[in-house]
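Keep in mind the model is a prediction, meaning the values are calculated, not measured. Counting convention: from 1, in listed order, for ligands and their atoms alike. Scope of the values below: all heavy atoms of this structure, side chains included, with no hydrogens, waters or symmetry mates.
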Amino acid sequence: MADTPVNPTNDKPVGAMPWRWPLHWQILLGLIIGATIGLGIGAWAIDQVNQLPVNDKPPPELAGIKAAEFATTSYAYLFFDLIGDLFLQGLKLIIVPLVTTSIVLAVANLVGGRATDGGGSPTGFGRLAGKTMGYYAATSIISVVIGLLVVNALAPGVATNDAGQRVGILEGQDLTAFAGDQADVDKKVGGKQATDFLDVFREMVPPNVIEAAAQGKLLGLIVVSILIGYFLGRSGTEPARAVKALTQGIYDLTLTITDFVLKLAPIGIIGLIAATFGEQYAKLVPDGRLQVFVTGLTTFAGGALLALAVHFFIVMPLILLFVARVNPIRHYRAMLPALMTAFSTASSSATLPVTMECVEDRATVSKKTTSFVLPLGATVNMDGTALYECVAAIFICQAFGVELTFAQQFLIVVTAVLTSIGVAGVPSASLVAIVVILTAVQDALPADALPDGVLLVSGMGLLFVFDRPLDMVRTAVNVFSDSVGAVVIAKTEGEAGVLTG
Ligand code: ASP
């Protein structure tokens, strides 16, 4: 990656002008500017709705949707959305070459080994892979259990049940208040079946690797890259060495492009946040959605945020302190740019280049570890997502007045962990997994648990209201857990320099 700075986690501005500040301060400034612009766009859009002639005024429950329409068709929104999209696409364009080349090289070096890499045997690779998967499985299970405890203790769905009935959300599955969202739900999640979580395993072996790359199906690509790396590492032939050198060349080039794209992150983040805040503010404020939002904040969203906070601020630092034996504060600081990018993009895949840069340059973990652990983690390790899936599924059951048995809650825990492995690192990806979980739960419920014809999935409209803000937070948690995994594995592999820079 970029040259290692003398003091990689130094967070003091080094010049008066923002472009001379360290990256995370620049990104923070971008976040603040973007949020201010976004709130301005949202307020303008609400004003437009208020000024409509009486005959054109939408009914109060649809005012938010109308305001969002004004916001998202305004020139200001379109401009900032374009800037944000260009940045996002810049990050996305790096992902496939970065993930494939870094994993191929990491595995080939681990298996074939160069003394300087500290690798050298299939056992070395097996050990690293085993530790990585062990860490990912353990933290995912811990996070889901935290979600389970919090959602049972707070029972947010019970409160929302009343609020929901008052605004006619759940009664007779009347989702008028969220009519616009409901269409989105159907578009995104329609036609799912309980057994769809098996797709997680199906996608591990892509029949066509080019198609998997084109569709950004990283899980399959990772498996193929591990296979290629493994056999490349074991083969000592001249052509194999040439393939490895070519892969190294593409990898180095990708890193140079990453550095370039990262310099543009603060501007890209202004665009992303301005567009997101503009749309969300316009959508939530006018028609009482803010009230539902606030009710939700104190109940469901509050519960989800609390559980995410426990994982982020208690479990992760404890692991850093007692397993990796590093100072958690240093690690939080090292990861700031990645955390803010995850928050702004709501995509752990798009954040991967920044995560790799932060873990390698700022947390000083070796290339050998980061290039295997992080691409894998961005795809399969999603603690925040697994936790959220569990909280959301149980919340919807509570809102429908369904009492879950221990076995049914256990089913939710298992499906949340499994689906979080297969969920793509893109915005709102967990919604699809939640549909799969709810369908599995519905199948497991006795016939009289719900009134005839009522589907748990129809409660998804509730989640849509605050999906984006929660997505931003859970993505940051996903990314942070990957980075902690890299530090833990580096330390247990005997890397001395981690977070000492
Ligand atoms: N947006 C999340 C991520 O990219 C996935 C999700 O929970 O929707 O990590």
Checklist entry - What protein heavy atom is closest to atom 1 (N) of ligand 1, reported as residue, atom name and distance in Å? => result Asp471 OD1, 2.7 Å
Item to check | Ser347: numbered ligand 1 atoms lying under 4.0 Å from its heavy atoms | outcome: 4 (O)
Item to check | 4.5 Å side-chain heavy-atom contact, Gln408 and Ile412 | outcome: no
Next on the checklist: If you take the nearest heavy atom of each of Pro427, Ala429, Ser420, Ala350, which one is closest to atom 8 (O) of ligand 1?
Outcome noted: Ala429
Checklist entry - What about Ser349: any of its N or O atoms under 3.5 Å from an N or O on ligand 1? => result no
Next on the checklist: Quick test of your reading: applying ring-ring contact (aromatic ring centres under 6.0 Å, His included), list the pairs with at least one residue in residues 85-105, sequence neighbours left out, ordered by first then second residue.
Outcome noted: none
Next on the checklist: Please report whether ligand 1 has a polar contact with Ala424, defined as an N or O pair separated by less than 3.5 Å (distance criterion only).
Outcome noted: no
Checklist outcome for this item: The closest protein heavy-atom partner of atom 6 (C) of ligand 1 is Ser430 OG, 3.2 Å
Next on the checklist: Please determine whether side chain to side chain contact (heavy atoms under 4.5 Å, CB included) holds for the pair Leu320 and Val487, giving the CA-CA distance in whole Å, both sets of side-chain angles, and the decisive distance to 0.1 Å.
Outcome noted: CA-CA 8 Å; Leu320 283 168; Val487 169; 4.0 Å; yes
Next on the checklist: Within ligand 1, which atoms have a heavy atom of Ser428 less than 4.0 Å away?
Outcome noted: 8 (O)
Checklist outcome for this item: Residues Cys358 and Ala338: closest non-hydrogen pair is SG-N, 3.7 Å
Item to check | Whether Arg362 side chain and Arg333 backbone form a donor-acceptor pair below 3.5 Å | outcome: yes
Checklist entry - Which of the atoms in ligand 1, numbered in the order shown and given with their element, are less than 4.0 Å from a heavy-atom of Thr385? => result 5 (C), 6 (C), 7 (O)
Checklist outcome for this item: The atoms of ligand 1 lying under 4.0 Å from a heavy atom of Ala346, numbered in the order shown, are 1 (N), 4 (O)
Checklist entry - Using 4.0 Å as the upper bound for N to carboxylate O, is an ion pair formed by Lys367 and Asp361? => result no
Would you list the atom pairs, donor with acceptor, under 3.5 Å between side chains in residues 31-41 and any protein atom, with sequence neighbours excluded?
unit_1: Thr36; atom_1: OG1; unit_2: Ile32; atom_2: O; d: 2.7

Checklist entry - Do NZ/NE/NH1/NH2 and the carboxylate oxygens of Glu493 and Lys131 come within less than 4.0 Å? => result yes
Next on the checklist: Any non-hydrogen side-chain atom of Ile437 less than 4.5 Å from a side-chain atom of Gln442?
Outcome noted: no
Checklist outcome for this item: for atom 2 (C) of ligand 1, nearest protein heavy atom and its distance come out as Thr475 OG1, 3.3 Å
Item to check | Protein contact to atom 9 (O) of ligand 1 [nearest heavy atom, distance to 0.1 Å] | outcome: Ser348 OG, 2.5 Å
Next on the checklist: If I apply the N/O under 3.5 Å rule, does Met382 come out as touching ligand 1?
Outcome noted: no
Checklist entry - Should the proximity of Val426 to ligand 1, defined as any heavy atom under 4.0 Å, be assigned to the side chain, the backbone, both, or neither? => result backbone
